[in-house]
Protein chains: 2
Amino acid sequence: MTGRPASPSTLASAEEPVVYVIDDDASVRVALSNLFRSVGLRVEVFGSAHEFLQSTLPNVASCLILDIRLPRLSGLDFQAELAKADIRIPIIFMTGHGDIPMTVRAMKAGAVDFLTKPFRDQDMLDAVTTAIERDRVSRDEARMLSGLQARFATLTPREREVMALVTSGLMNKQIAAEIGIAEITVKIHRGHIMRKMAAKSLPDLVRMAELLGIGPASGGQQT
Amino acid sequence: MTGRPASPSTLASAEEPVVYVIDDDASVRVALSNLFRSVGLRVEVFGSAHEFLQSTLPNVASCLILDIRLPRLSGLDFQAELAKADIRIPIIFMTGHGDIPMTVRAMKAGAVDFLTKPFRDQDMLDAVTTAIERDRVSRDEARMLSGLQARFATLTPREREVMALVTSGLMNKQIAAEIGIAEITVKIHRGHIMRKMAAKSLPDLVRMAELLGIGPASGGQQT
DNA sequence: GGCAGGATCATACCTAGGTTTGGGATCGCG
DNA sequence: CGCGATCCCAAACCTAGGTATGATCCTGCC
């Protein structure tokens, strides 16, 4: 199973997940690489965090395995850096001599697992399975949300305002009074909103508004 | 979650939060008790998990502090037991000689923090603040949800069915065709639903359905 | 048996939502 | 300066949603 699809598909969940391993010890890289390949997982290994950052990451479900004690940058600092750069990827830490505060910090920051060396292969594989699944879900959600946001971005300011009021449950006439325009104009805005957002029904639009975090305070507040 | 205070108030967030401490070492109990009292927090101390379980817990924001090494029951097992008994309370672990796997297990199970003795007072206070706030939010949500569920329980089977279809975005005539009744009957059911659920608008009802986890999965919805 | 609650439906009537057609005003930009 | 985008509105017209009145039927229960 080495066939690498060159297809420009956009569905992360439809492609082969990847496991990234960062470790300065070549023997660790080889061992983990073999372990993952033995269960049919794609693996990419790196000798340092720097190398990892310079590679271009495909948009597929993935996870990152790294030692808490990296050469230049500590694993925890690297985790924080990824978060700051908005690179969200589930992390599994390994450590030979970590301590509890480190563990707590890593787990609080969202690490999937924190394995002490030597660990059982099965523990690592379980952690990777969890991490990949978590990333798959997270990517699916992110993709859906970005589609929504793209459509929302095509709305004019007025339309966004009306959408917030519509999804909050106000009637057209109330919206008209609220923003000082005629009811017929609200209806027209509303029609545009439904078409631009590709909402099949009002409940549909309401759910979109929920995902977009649109409350009556989001668009504009007056009076 | 059955302990109901006799007080007329129902808002946990409006009452004084409580910190529960379970430790078999009296000096620890005293020290922590003093620490929390010094910042104006209510404290209840217990010498064992058993004692804690036998007390009736008031319905206020709270958190639990316990040593990973409890006399009879380990802190981790106690955590698991609470979860199994559906007693949700944020837990802060303390340990004198814990290890990393313990820490990981506790954090994965939702522990707020895992402090190694000796810890700085401020670290404990920070953890408690986080835990109390988390519990406050969680209790507020639970209370809101239980109100919703109570109202949903007053719906007849048919009304529940119609509610699922309405909130999924179908028109009355489509719903009528779907379940084989007249459109007028759907309208009547719909009116009952809005009144029983105390929904002020369709968007309102849609959001309730979201919180209740009601999908178009006709028939029954089991999670 | 009779009563309550649930489910069904018809008629009538009203309100709310939505589109089309057609028009007008403002504003930024090439 | 004209073009396009945005925002505004009216009249006409149609569909969808919602309520009230009154009625039938069934079922479980006292």
Side-chain angles (χ1 to χ4, degrees), chain A residues 149-210 212 214 216 218-223, chain B residues 149-210 212 214 216 218-221:
Chain A
Q149 284 166 336
R151 276 173 284 162
F152 185 66
T154 69
L155 297 187
T156 67
R158 199 51 143 177
E159 285 164 356
R160 281 184 208 134
E161 196 179 354
V162 171
M163 177 169 167
L165 296 169
V166 165
T167 55
S168 80
L170 293 188
M171 288 186 307
N172 288 344
K173 64 170 63 170
Q174 294 175 307
I175 296 171
E178 180 82 14
I179 63 182
I181 61 176
E183 187 183 347
I184 181 69
T185 311
V186 174
K187 290 183 180 180
I188 292 170
H189 283 315
R190 199 164 166 161
H192 291 162
I193 293 166
M194 295 299 283
R195 227 167 303 121
K196 286 186 179 180
M197 295 300 290
K200 300 187 314 304
S201 62
L202 178 55
D204 212 9
L205 191 72
V206 171
R207 274 182 274 263
M208 290 181 188
E210 287 287 288
L212 288 168
I214 294 174
S218 177
Q221 193 82 322
Q222 65 259 42
T223 310
Chain B
Q149 285 166 336
R151 277 174 284 161
F152 186 66
T154 69
L155 297 188
T156 67
R158 199 51 142 179
E159 284 164 357
R160 279 182 211 140
E161 195 178 355
V162 171
M163 177 169 166
L165 296 169
V166 164
T167 55
S168 79
L170 293 188
M171 288 186 307
N172 287 343
K173 64 169 64 170
Q174 294 175 308
I175 296 170
E178 180 82 14
I179 62 182
I181 61 177
E183 187 182 347
I184 182 67
T185 311
V186 174
K187 290 183 180 182
I188 292 170
H189 283 316
R190 200 165 166 161
H192 291 162
I193 293 165
M194 295 299 283
R195 229 168 301 122
K196 287 185 178 179
M197 295 300 291
K200 298 186 316 304
S201 63
L202 178 56
D204 212 8
L205 191 71
V206 171
R207 274 182 275 263
M208 290 180 188
E210 287 287 287
L212 289 168
I214 294 174
S218 45
Q221 179 84 354

Does A:Val206 reach the side chain of B:Glu210, with side-chain heavy atoms less than 4.5 Å apart?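 A:Val206 does not reach B:Glu210 side chain to side chain.
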
Taking the side chain as C-beta and beyond, is there a heavy-atom pair between A:Arg160 and A:Leu212 under 4.5 Å?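 Sidechains of A:Leu212 and A:Arg160: no contact.
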
Find the distance between [atom1] ([X]) and [atom2] ([Y]) and round it off to the nearest 0.5 Å.
{"X": "A:Arg190", "Y": "A:Asn172", "atom1": "CZ", "atom2": "CG", "result": "4.5 Å"}
{"X": "A:Glu159", "Y": "A:Met163", "atom1": "CD", "atom2": "CE", "result": "10.5 Å"}
{"X": "A:Gln174", "Y": "A:Leu165", "atom1": "CD", "atom2": "CG", "result": "10.0 Å"}
{"X": "B:Leu202", "Y": "B:Met194", "atom1": "CG", "atom2": "CE", "result": "6.5 Å"}
{"X": "B:Ser168", "Y": "A:Lys200", "atom1": "OG", "atom2": "NZ", "result": "8.5 Å"}
{"X": "A:Ile179", "Y": "A:Arg158", "atom1": "CD1", "atom2": "CZ", "result": "4.0 Å"}

[X] [atom1] to [N] [atom2]: how many Å, rounded?
{"X": "A:Met163", "N": "C:dG18", "atom1": "CE", "atom2": "P", "result": "14 Å"}
{"X": "A:Glu159", "N": "D:dC7", "atom1": "CD", "atom2": "P", "result": "6 Å"}
{"X": "B:Leu155", "N": "C:dG6", "atom1": "CG", "atom2": "P", "result": "11 Å"}
{"X": "B:Ile181", "N": "C:dG6", "atom1": "CD1", "atom2": "P", "result": "15 Å"}
{"X": "B:Met171", "N": "D:dG18", "atom1": "CE", "atom2": "C1'", "result": "16 Å"}
{"X": "A:Ile175", "N": "C:dA16", "atom1": "CD1", "atom2": "P", "result": "13 Å"}

Quick one: is [N] close enough that its OP1 or OP2 comes under 4.0 Å of any side-chain N or O from [X]?
{"X": "B:Asn172", "N": "D:dA16", "result": "no"}
{"X": "B:Thr156", "N": "C:dA7", "result": "yes"}
{"X": "A:Arg158", "N": "D:dC8", "result": "yes"}

Options D:dC7, C:dA10, D:dC8, nucleotide nearest the side-chain atoms of B:Ala182: C:dA10

Identify, residue by residue, the members of residues 183-199 of chain A with a heavy atom below 4.0 Å from DNA chain C, and return them in order of residue number, or none. A:Ile184, A:Lys187, A:Arg190, A:Gly191

Non-hydrogen atoms of A:Ile214 and A:Ala164 that approach each other most closely: CG2-CB, 3.7 Å

How would nucleotides 23-30 of chain C be written as a contact map, 5' to 3', with B for base contact, S for sugar-phosphate-only contact and - for no contact, using protein heavy atoms under 4.0 Å? --------

